[in-house]
Amino acid sequence: MYRRLAILLLLGSLPTAAVAGPPSFPYKGYINADGVYVRSGPGNNYYPTDKLESGAVVEIYRHDPGGWYAIKPPEGSFTWVASRYLQFGKDHLATVNGDRVAARVGSRFSDIRDVIQVPLDRGELVEVLETKTISGDKDSAWCKIAPPSGEFRWVFGKYVDRESPQAGIRKASSEGNPLLPPSSPPQPLHHSADAMPPAPAGPDAAPHHPPHADKEPTAYMPRLARADADSHEPPPMRALSPEEFQTELDRLNLDLSTMLVEEPTVWTCDALAWRAEDLMARAETAIERGRARLLVNRIQQAQEIKSRFDAILTAQADIQRQDHLLADLSRLRSSTAPAEARPAANPKFDGTGRLTRVVPSKLGAPQYALVDDKGKVRCYVTPAPGMNLQYYVGRRVGINGVRGFMPEQKAQHVTAKYVTNLDRRLWGGRSGTLR
């Protein structure tokens with residue numbers, strides 16, 4: 001017994017190891033991998049807004065569920081605001097002229113702007129970075145502003161260290177850019193100005209420069225010959241030797257493969273498409289033209305995939321906004337329900353009964369209801385987006401979803417997200433749950 005007591009006293013006298021406690025927010029973190037996406041929300045389903053390289057410093061404000069870290073928007077981040085809600089002043093400043101104006105998180109990869117984090121109040125002062133017209137949008141004139149206070153970006157926690165790495169950080173170039181080495185001066189191709197591709201149309205459009213501006217010029221890219229001042233004829237394109245053609249074809253295939261390993265939201269196909277078209281125009285043989293045409297077709301397929309992917313993201317954002325509106329409406333109805341009209345909480349279902357169709361009293365009213373064995377309405381039911389209730393009409397079901405209250409009908413309401421068939425006779429003695 002005395003021996004055990006002595007051991008305990010000895011251990012108590014030893015210095016205890018420091019145990020890292022929870023961080024004090026905000027704190028500084030360091031990106032520990034290359035090509036880490038910065039996203040508009042805490043999840044992979046949120047579109048990326050930027051990309052950080054190893055050694056980049058981030059300021060972390062909180063840890064969100066799922067392992068995501070909310071960070072201060074990195075340098076170069078921006079937010080979209082419709083210009084009609086801004087009153088422009090001096091020194092690139094503007095005043096918000098509306099109430100709760102949506103500030104939409106911007107991405108340097110595309111014009112996508114579906115995520116709204118912070119509403120702007122009337123009279124709030126913002127810094128305008130750029131004004132841009134976006135075709136196909138009801139608010140065609142948009143402004144890029146500096147991210148407002150309270151707006152975050154997110155990175156996945158496993159890519160962030162609390163201590164600075166000792167080695168492996170790429171040194172900044174002379175221009176202060178830690179991501180890319182200094183590029184060599186652009187070497188223009190043998191084309192007239194009319195043959196140059198259009199400038200990029202994205203929100204982060206940079207001044208256009210010819211392809212390979214960041215690479216050493218190849219042998220088939222001579223400088224433009226000086227033409228007479230009065231001459232308007234473009235210099236003819238020089239044909240490529242078989243070796244030069246194959247070199248550029250291989251480089252294009254490599255660039256396309258490198259792009260395809262990224263997620264479609266950050267694909268940039270326009271420059272690749274122009275280079276492939278240029279290569280096909282300078283091909284000398286039918287075989288070379290066929291190879292270049294195959295590459296052009298692959299790039300066009302990538303452009304179609306990116307367009308469909310962007311459309312899916314937009315649709316998902318619309319569904320999420322609709323879900324939020326339904327949840328807000330149900331909470332509002334519940335808050336106005338009389339105490340006697342609020343049923344006791346059911347630990348398993350938000351509503352049970354036989355599902356039946358009802359004739360809506362007005363546009364937008366529920367078309368379904370759960371009734372008891374005597375046909376009395378227990379609650380009205382509205383299907384959530386994507387939910388088909390027609391299959392369950394006439395059957396006894398249990399419904400899980402968002403509860404609410406309809407003051408006019410003085411009845412409960414449920415927005416159905418999950419339906420369980422309780423008619424055991426149709427399930428051979430078992431009940432099943434379908435989404």
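We count residues from 1, following the sequence as given.
- Residues F349 and L422 form a side-chain contact, since some pair of their non-hydrogen atoms from C-beta on lies under 4.5 Å apart.
- Listed by chain and residue number, E262 satisfy the side chain to side chain donor-acceptor pair (under 3.5 Å) test with Y37 (two or more places apart in sequence, or in another chain).
- Residues satisfying the side chain to side chain donor-acceptor pair (under 3.5 Å) criterion with E151, sequence neighbours excluded, are T79, R153.
- In this structure a side-chain-to-backbone donor-acceptor pair under 3.5 Å is missing from D34 to E53.
- Pairing each heavy atom of S77 with each of P74, the nearest pair is OG-O, 2.7 Å.
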Q: Begin from the C-alpha positions of R104 and I116 and carry the test side-chain contact (heavy atoms from CB on, under 4.5 Å) through to its verdict.
A: CA-CA 5 Å; R104 301 173 178 269; I116 301 171; 3.8 Å; yes
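- Side-chain atoms of L355 and L370, non-hydrogen and from C-beta on, do get closer than 4.5 Å to each other.
- Rounding to the nearest 0.5 angstrom, the gap separating the CG atom in L125 from the CD atom in E127 is 9.5 Å.
- With a 4.5 Å cut-off on side-chain heavy atoms, D350 and V402 do not count as touching.
- Between V397 and T420 the shortest side-chain heavy-atom distance does not fall below 4.5 Å.
- The shortest non-hydrogen separation linking K132 to W80 is CD-CH2, 4.0 Å.
- Among residue pairs with one or both ends in residues 55-74, those qualifying as side chain to side chain donor-acceptor pair (under 3.5 Å) are Y27-H63, E59-Y61, R62-D64, D64-W154; sequence neighbours excluded.
- In terms of heavy atoms, L260 sits closest to A302 at CD2-CB, 4.1 Å.
- Between S149 atom OG and L120 atom CG the span is 10.5 Å, to the nearest 0.5 Å.
- At least one side-chain heavy atom of I60 sits under 4.5 Å from a side-chain heavy atom of F25.
- A pairwise comparison of heavy atoms in V393 and T356 identifies CG1-CA, 4.5 Å as the closest pair.
- The two atoms that bring V358 and A369 nearest to each other are CG1-CB, 3.7 Å, heavy atoms only.
- At distances below 3.5 Å, not a single donor-acceptor pair connects side-chain atoms of T415 with backbone N or O atoms of A384.
- Partners of R298 according to the side chain to side chain donor-acceptor pair (under 3.5 Å) rule, which considers only residues two or more places apart in sequence or in another chain, are N253.
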Q | side-chain contact (heavy atoms from CB on, under 4.5 Å) between V96 and L86, intermediate numbers included | A | CA-CA 5 Å; V96 178; L86 298 178; 4.1 Å; yes
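- Among residues two or more places apart in sequence or in another chain, the side chain to side chain donor-acceptor pair (under 3.5 Å) test is passed with N97 by none.
- Within 6.0 Å of atom CD in Q300, more than 12 heavy atoms from other residues, nucleotides or ligands are found, so the atom counts as buried in its surroundings.
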**Q.** side-chain contact (heavy atoms from CB on, under 4.5 Å) between Y47 and S110, intermediate numbers included
**A.** CA-CA 10 Å; Y47 55 85; S110 68; over 6 Å; no
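- Panel note: side chain R403, backbone Q412; no donor-acceptor pair is recorded below 3.5 Å.
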Q.
Walk me through whether F156 and V36 qualify under side-chain contact (heavy atoms from CB on, under 4.5 Å).
A. CA-CA 8 Å; F156 197 55; V36 174; over 6 Å; no
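- Proximity of F88 to S83: side-chain heavy atoms (C-beta onward) are separated by under 4.5 Å at one or more points.
- Partners of R39 by salt bridge (charged side-chain N to carboxylate O under 4.0 Å, His left out), not counting sequence neighbours, listed by chain and number: E263.
- Counting heavy-atom neighbours within 6.0 Å of R357 CZ, excluding the residue itself, gives a total above 12.
- Q390 CD: more than 12 foreign heavy atoms inside a 6.0 Å radius.
- Atom CE of residue M259 and atom CD1 of residue I299 lie 7.5 Å apart, to the nearest 0.5 angstrom.
- Listed by chain and residue number, D99 satisfy the salt bridge (charged side-chain N to carboxylate O under 4.0 Å, His left out) test with R122 (two or more places apart in sequence, or in another chain).
- The side chain to side chain contact (heavy atoms under 4.5 Å, CB included) search around R291 returns Q246, L249, I287, not counting sequence neighbours.
- Listed by chain and number, the residues in a side chain to side chain contact (heavy atoms under 4.5 Å, CB included) with L252 are E248, L272, R275, A276, L279, L295 (sequence neighbours excluded).
- Considering only residues two or more places apart in sequence or on other chains, D121 meets the side chain to side chain contact (heavy atoms under 4.5 Å, CB included) condition with E124.
- Scored by the side chain to side chain contact (heavy atoms under 4.5 Å, CB included) test, E304 finds R308 as partners (sequence neighbours excluded).
- Closest approach of Q117 to G150, counting heavy atoms only: OE1-O, 4.3 Å.
- To the nearest 0.5 Å, atoms CD1 (I112) and OG1 (T49) are separated by 11.0 Å.
- Not one N or O on the side chain of S40 forms a donor-acceptor pair closer than 3.5 Å with the backbone of V105.
- Between the side chain of D161 and the backbone N or O of N32, no donor-acceptor pair lies under 3.5 Å.
- Rounding to the nearest 0.5 Å places OG of S307 at 10.5 Å from CH2 of W267.
- In this structure, the separation between CZ on R396 and CG on D373 is 8.0 Å, given to the nearest 0.5 Å.
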